[in-house]
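Okay, structure first, notes after.
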Amino acid sequence: MPDQPHTHQILNPATEEVVATVPATGAAEVDTAVVRAAGAQRRWAAAAPADRARLLRRFAAVVDGHVEELARLEVKEAGHTLGNARWEAGNVRDLLDYAAGGVERLTGRQIPVAGGLDITLLEPLGVVGVIAPWNFPMPIAAWGTAPALAAGNAVLLKPAETTPLTALRLAELALEAGLPEHLFQVLPGAGDITGQALVEHPGVAKIVFTGSTRVGKEIMARGARLLKRVTLELGGKSPNIVFADADIERAAAEAPMAFLDNAGQDCCARTRVLVQRTAYDRFLELLTPAVRSVVVGDPSDEKTQMGPLISRVQLERVRGYVPDDRAAVRGSAPGGPGFWFPPTVLTGVAADDPAVTEEIFGPVAVVLPFDDEEDAIRLANDTAYGLSGSLWTRDIGRALRVSRAVAAGNLSVNSHSSVRYSTPFGGYKQSGVGRELGPDALTAFTETKNIFISTEA
Ligand code: NAP
Ligand code: MG
């Protein structure tokens, strides 16, 4: 096992200034955390459901009282725009509230059988490991954590090395709200050390991972030795399909932020804009000024729509997809320090070009023409991924046909919304395994136990 560095420096991606230095968690400390979590979990699962629900609601209330503080921290460590960061902190509160409502509704079933009574119990798994990425540190941490706790589990959260600060603050707020010690622990550190120790620990029953498809597969393979439960939320290359019969003005006005939000570092980013040929020129004519008008700059300024990329590594990755002379449309970006990349649209790119096939995770979209509905569906599905997609049309029959035909977990019609805490979320194909959020979120953190009770005299 490689040596664990003792600390990790957290940079502000907008300024490259050091924001904090965070100690890393070694494999031995992970083991200690698992043992403590297991003890806390047993007591938590034995507590009255109403008390567990009350504590989670209290945690939500404490988060609500710290939305601004958490948001400012997210702006500093992740370069998110202030508006986005406030939404993200609020999302943590909402996830906790929603999960709290599930504690007393996590009901099993009574199934008709001969000779007795048959019931099912939904029992907690035990200790759950949540491995979060840097692109949405707070929401994604809470997607796993809130329902896992609500279902009676303990949670060990490993944030991304680049963005541990909001997670560490959330753990403090959990204690302030009265959650039992060791029930929710945050273990900052590197993926291949701290993360891997969680994956390989026999005391961790399930791993909830969000990140790259490559690491997701590695976690599934390593976890398989222990038959570890996994939920994987991986990459995407989502289509935004614009039919000629759509409200083209609206489709063009909303297309930019559908791939530029969070500087494109969004697994649901609509980065393949597919436009029906008869509307193609008009659409590009409208898209061009819309992309150029996006305000890129200081993420702590309320007017800013797009901030920097997370790191120099990410900046270099994104640059690799876009040689300088290639962009059809370029927006603006600040010079000087910070990991800035301008909004970029590519046209006339070959179907097998990496910019078309790979997840760039930056503010870059490709626009491709299609002929008819069949052609649109073929192009939309011409990807290894299957996370999200949007389609724009005024024809309701077409909207339903195309929604059914696109192999992706989250589709939106005449809108780009895809993630709500109350609706299920997850990927087809290489975009993942399992679902998060929605009415069944808690069930994913339980084992079903069937009990038959004889009524024979
Ligand atoms: P990543 O390596 O997959 O990181 C995601 C999380 O997994 C981080 O907490 C990471 O820790 C951890 N990790 C890494 N290797 C691990 C291992 N062997 N065992 C257990 N945990 C491990 O993603 P990335 O390197 O940050 O980003 C690379 C690309 O992945 C992006 O450009 C993007 O295409 C994609 N991505 C997708 C999403 C998404 O929402 N689907 C999110 C992030 C990235 P460290 O922080 O130490 O690496
Ligand atoms: Mg990594």
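Both ligands and their constituent atoms are indexed starting at 1 by order of listing.
Where the criterion is an N or O separation shorter than 3.5 Å, residue side chain and backbone included, Asp192 fails it with respect to ligand 1. At least one N/O-N/O distance between Lys158 and ligand 1 falls below 3.5 Å. No N or O atom of Thr210 sits closer than 3.5 Å to an N or O atom of ligand 1. An N or O contact shorter than 3.5 Å links Gly211 to ligand 1 by distance. Close N/O approach between Glu359 and ligand 1 is found [any backbone or side-chain N/O within under 3.5 Å]. Checking only distances, Leu234 does come within under 3.5 Å of ligand 1, N or O to N or O.
The aromatic rings of Trp392 and His416 are tilted relative to each other, their planes meeting at an angle between 30° and 60°.
With contacts defined as side-chain heavy-atom distances shorter than 4.5 Å, the pair Gln265/Trp134 qualifies. In this structure, the side chains of Val204 and Ile207 come closer than 4.5 Å at one or more pairs of heavy atoms. Side-chain atoms of Pro188 and Thr25, non-hydrogen and from C-beta on, do get closer than 4.5 Å to each other.
The heavy-atom pair separating Val92 from Pro139 by the smallest distance is CG2-N, 4.4 Å.
Short contacts between ligand 1 and Glu218, defined as distances under 4.0 Å to a heavy atom of the residue, involve ligand atoms 18 (N). Using a 4.0 Å cut-off to heavy atoms of Ala132, the atoms of ligand 1 that qualify are 6 (C), 8 (C), 9 (O). Numbered from 1 in the order shown, with element, the atoms of ligand 1 that lie under 4.0 Å from a heavy atom of Ile131 read 6 (C), 7 (O), 9 (O), 12 (C), 20 (C), 21 (N). The contact set between ligand 1 and Glu161, taken as ligand atoms under 4.0 Å from a residue heavy atom, comprises 45 (P), 46 (O), 47 (O). Close approach of ligand 1 to Pro133 is summarised as follows: ligand atoms under 4.0 Å from at least one heavy atom of the residue are 42 (C), 43 (C). The atoms of ligand 1 that sit less than 4.0 Å from any heavy atom of Gln314 are 32 (O). Those atoms of ligand 1 with a heavy atom of Ala190 less than 4.0 angstrom away are 47 (O).
Residue-level proximity to ligand 1 for Arg317 is carried by the side chain, the only part with a heavy atom below 4.0 angstrom. Contacts between Arg214 and ligand 1 below 4.0 angstrom, taking non-hydrogen atoms only, are absent altogether.
Aromatic ring centroids of Trp44 and Phe184 lie 6.0 Å or more apart. Checked against the 6.0 Å centroid threshold, Trp143 and Phe136 do not count as a close aromatic pair. For Phe243 and Phe370, the gap between ring centers is short of 6.0 Å.
Judged by distance alone, with hydrogens and angles left aside, the side-chain atoms of Arg330 form no donor-acceptor pair with the main-chain N or O of Ala328 at under 3.5 Å.
Between Trp134, Phe136, Phe209, Tyr385, it is Trp134 that holds the heavy atom closest to atom 27 (O) of ligand 1. Nearest-residue assignment for atom 47 (O) of ligand 1 (options Gly195, Gly191, Gly189; heavy-atom criterion): Gly191.
For the atom pair OG1 of Thr163 and CE of Met138, the computed distance is 10.0 Å after rounding to the nearest 0.5 Å. Taking CZ of Arg270 as the start and OG of Ser412 as the end, the distance is 4.5 Å to the nearest 0.5 Å.
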